[in-house]
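Have a look at the structure below before the remarks.
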Amino acid sequence: MAYEMILVETQGRVGVITLNRPQALNALCDQLMTELGDALRGFDADPTVGAIVITGSPKAFAAGADIKEMKDRTYPAVHFDDFIGKRWETVLTIQKPVIAAVAGFALGGGCELAMMCDLILAADNAKFGQPEINLGIIPGAGGTQRLVRSIGKSKAMEMVLTGRMMDAVEAERANLVCRIVPAADLIVEAVKMGEKMASLSAPSVAMAKEAINVAYETTLREGVRFERRLFLSLFSTEDQKEGMSAFAEKRKPSFTNR
Ligand code: CO8
């Protein structure tokens with residue numbers, strides 16, 4: 001697929017996808033989301049890639065779903081097209097870690113896309129918000145659910161009911177983002193983090209992310225059972241033998257992803 005709205009490259013073992021629709025602050029139109037999904041699936045299937053970074057421009061990660069594209073849609077059209085499920089949720093199906101590297105605005109669907117990634121690294125100029133209420137709608141790609149689980153009910157209520165944006169410092173304090181870095185270093189830092197993940201045993205990295213993500217969708221008892229199954233299954237891998245032998249032999253492990 002030839003891409004018009006995203007840039008795709010690899011840096012070492014990290015796949016980097018840059019949302020590239022600057023004239024619309026990376027508004028997430030159908031074409032952009034289709035291209036993003038295709039690129040994500042491509043990197044997930046590429047054995048030379050161990051982690052994926054999604055980023056935007058210095059001014060905007062993404063200013064939301066494309067309001068101009070959505071404004072005249074009718075209920076039957078949005079219902080039967082299932083544009084949220086089909087185009088927006090691909091990121092949830094990716095086995096490799098996906099890092100959202102956010103500079104500038106991450107609003108509405110942009111904030112929701114970032115929250116669908118496995119973690120968010122924020123530039124110091126990042127701004128997060130769910131301003132849909134100003135448009136007469138509500139978040140529709142998981143914002144009301146993931147924000148509550150991430151930052152708690154009160155802050156989620158305030159953001160969703162007033163549309164107030166959060167800056168990077170507040171977002172870190174509220175646990176929406178893992179870390180803040182200077183805007184100029186955002187991609188370097190995100191790729192460095194991805195490279196670290198890519199250097200580890202791919203089965204354990206994939207299972208670790210799966211186990212953490214399950215914590216959002218199940219009870220503690222079921223989550224712990226799920227974790228234990230994954231943990232025990234890793235004893236069937238060569239990488240578990242290699243990782244533990246290397247520790248005992250005081251050398252660096254050499255993982256083969258088997
Ligand atoms: N959709 C379409 N175009 C947009 C969007 C958007 N979300 N955001 C910005 N643009 C366009 C502007 O229309 C403008 O285009 P033009 O130059 O042709 O007029 C260009 O980008 C630059 O924007 P501004 O001139 O407004 O730039 P400012 O720096 O003055 O303001 C803001 C930046 C504050 C980010 C402002 O652009 C803004 O408020 N944008 C809209 C933010 C918003 O409301 N987002 C939520 C959208 S709804 C949503 O995301 C629902 C998700 C539901 C789930 C997914 C289902 C599809």
Side-chain angles (χ1 to χ4, degrees), residues 4-7 17-40 54-94 98 100-117 120 122-151 155-168 170-171 176-177 183 186 216:
E4 293 174 348
M5 297 191 174
I6 60 172
L7 304 172
I17 301 172
T18 304
L19 311 180
N20 186 34
R21 214 190 153 205
Q23 72 286 3
L25 301 183
N26 292 330
L28 302 168
C29 62
D30 288 352
Q31 182 181 340
L32 189 154
M33 294 310 288
T34 301
E35 293 183 8
L36 175 63
D38 188 75
L40 283 167
I54 303 178
T55 193
S57 72
K59 180 164 181 194
F61 176 74
D66 190 317
I67 300 167
K68 295 168 191 167
E69 186 180 61
M70 277 188 300
K71 72 182 177 47
D72 294 324
R73 284 186 169 155
T74 63
Y75 175 73
V78 292
H79 181 82
F80 290 111
D81 180 49
D82 184 29
F83 65 121
I84 300 178
K86 261 196 320 222
R87 296 194 196 90
W88 282 69
E89 293 186 335
T90 305
V91 66
L92 302 176
T93 69
I94 301 302
V98 183
V102 174
F105 296 112
L107 301 179
C111 187
E112 293 172 302
L113 173 64
M115 288 193 289
M116 279 190 238
C117 296
I120 304 174
D124 50 16
N125 73 339
K127 282 193 159 57
F128 299 87
Q130 298 288 163
E132 288 91 340
I133 205 79
N134 298 320
L135 302 169
I137 56 168
I138 68 170
T144 61
Q145 305 303 298
R146 291 197 177 87
L147 258 189
V148 174
R149 284 165 170 76
S150 176
I151 66 174
K155 266 191 183 294
M157 281 285 185
E158 190 201 359
M159 284 179 76
V160 171
L161 297 186
T162 70
R164 183 176 76 80
M165 289 185 217
M166 232 186 221
D167 65 16
E170 186 178 1
L176 182 61
V177 309
L186 179 66
Y216 282 92

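Just follow the structure's listing: the first ligand is 1, and inside any ligand the first atom is 1.
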Quiz item: Under a strict 4.0 Å criterion on non-hydrogen atoms, which protein residues are in contact with ligand 1?
Solution: Gln23, Ala24, Leu25, Ala27, Lys59, Ala63, Gly64, Ala65, Asp66, Ile67, Lys68, Met70, Phe83, Ile84, Trp88, Phe105, Leu107, Gly108, Gly109, Glu112, Pro131, Glu132, Leu135, Gly140, Ala141
Self-check item: Set of side chain to side chain donor-acceptor pair (under 3.5 Å) partners for Lys127, sequence neighbours left out
Solution: none
Quiz item: In chain order, what residues pass the side chain to side chain donor-acceptor pair (under 3.5 Å) check against Asp38, with sequence neighbours excluded?
Solution: Tyr3
Quiz prompt | Salt bridge Asp30-Arg73, side-chain N to carboxylate O under 4.0 Å | solution = yes
Practice problem: With sequence neighbours excluded, tell me which residues meet side-chain contact (heavy atoms from CB on, under 4.5 Å) with Leu147. | Solution: Met115, Gln130, Ile151, Ala156, Met159, Val160, Leu176
Exercise. Determine the minimum heavy-atom distance between Ala183 and Ala123, stating which atoms define it.
Key: CA-CB, 3.7 Å
Self-check item: NZ/NE/NH1/NH2 to OD/OE distance under 4.0 Å, Glu35 and Arg21
Solution: no
